[in-house]
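This is the structure I have questions about; it appears just below.
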Amino acid sequence: MFTAAGITHFVAPQFFDRIVPPGLPMSARTATLISGAAELAGGLGLLHPATRPAARLGLLALLLAVFPANIYMAQEPQKFGVPAWVAWGRLPLQPLLMWLVWRAGRGRD
């Protein structure tokens, strides 16, 4: 999922650019490309046991970092062409994703 989302950041960055909240110290496109690269690297990193723990930490940090974009989208869903219930419904998925990343990124226990 993360690998596909990361690729999408490069193939169709416009949507991601739009949900970058205002006020970041970088352009929306830069934020989109950085987060896309992090998703791609994290998704690929989960595939190999040796890189899973680092990928887990990176993806957890990424999920925290992009949470403001999800909040921004929920506050102004009309700007993004999504129903309010969809935008608000995404917010509780973030902790679930974090839990899944935590589980998937475990080293050999």
State, to 0.1 Å, how close Ala5 and Glu39 come at their nearest heavy-atom pair, and which atoms those are.
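Nearest heavy atoms, Ala5 then Glu39: CB-OE2, 3.5 Å.
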Taking side chain as C-beta onward, heavy atoms only, is Val82 less than 4.5 Å from Arg90?
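No, every pair of side-chain atoms sits at 4.5 Å or beyond.
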Can you check whether Trp85 reaches Pro77 side chain to side chain, under 4.5 Å on heavy atoms?
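No, too far: nothing below the 4.5 Å cut-off.
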Closest heavy-atom contact between Leu59 and Ala38?
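Closest approach of Leu59 to Ala38, heavy atoms only: CD2-O, 4.1 Å.
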Side-chain contact test, heavy atoms from C-beta onward, threshold under 4.5 Å: evaluate it for Met26 versus Val20 and give yes or no.
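No. Closest side-chain heavy atoms not under 4.5 Å.
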Let me confirm one number: the CG-OG distance from Leu33 to Ser27, rounded to the nearest 0.5 Å.
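Here the interatomic distance stands at 8.0 Å.
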Using a 4.5 Å cut-off on heavy atoms from C-beta on, say whether the side chain of Val66 contacts that of Gln94.
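Heavy-atom side-chain distance check passes, below 4.5 Å.
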Filter on ring-ring contact (aromatic ring centres under 6.0 Å, His included), then keep only pairs touching residues 3-48, sequence neighbours left out; what's left?
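For residues 3-48, and leaving out neighbouring residues, the ring-ring contact (aromatic ring centres under 6.0 Å, His included) pairs sorted by first residue read His9-Phe16.
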Do the side chain of Arg106 and the main chain of Arg103 share a donor and acceptor less than 3.5 angstrom apart?
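Pair found, side chain donor or acceptor close to backbone of Arg103.
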Are Phe2 and Trp102 co-members of a hydrophobic cluster defined by side-chain heavy atoms under 4.5 Å apart?
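Shared cluster, yes.
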With Arg18, which residues qualify under salt bridge (Lys or Arg N to Asp or Glu O under 4.0 Å), at least two apart?
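Salt bridge (Lys or Arg N to Asp or Glu O under 4.0 Å) list for Arg18, sorted by chain: empty.
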According to a hydrophobic-cluster definition based on side-chain heavy atoms being under 4.5 Å apart (Ile, Leu, Val, Met, Phe, Trp, Tyr only), do Leu97 and Phe67 belong together?
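Different clusters.
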When hydrophobic residues are tied together by side-chain contacts of less than 4.5 Å, even through go-betweens, does Leu63 share a cluster with Met1?
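Yes; tracing contacts between hydrophobic side chains, which count when under 4.5 Å, links both residues.
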Atom pair CD1 (Ile19) and CD1 (Ile71), whose distance is rounded to the nearest 0.5 Å
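If I round to the nearest 0.5 Å, the distance is 12.0 Å.
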Pairs under 3.5 angstrom only: tabulate donor-acceptor contacts from the side chains of residues 40-47 to other protein residues two or more places apart or in another chain.
none

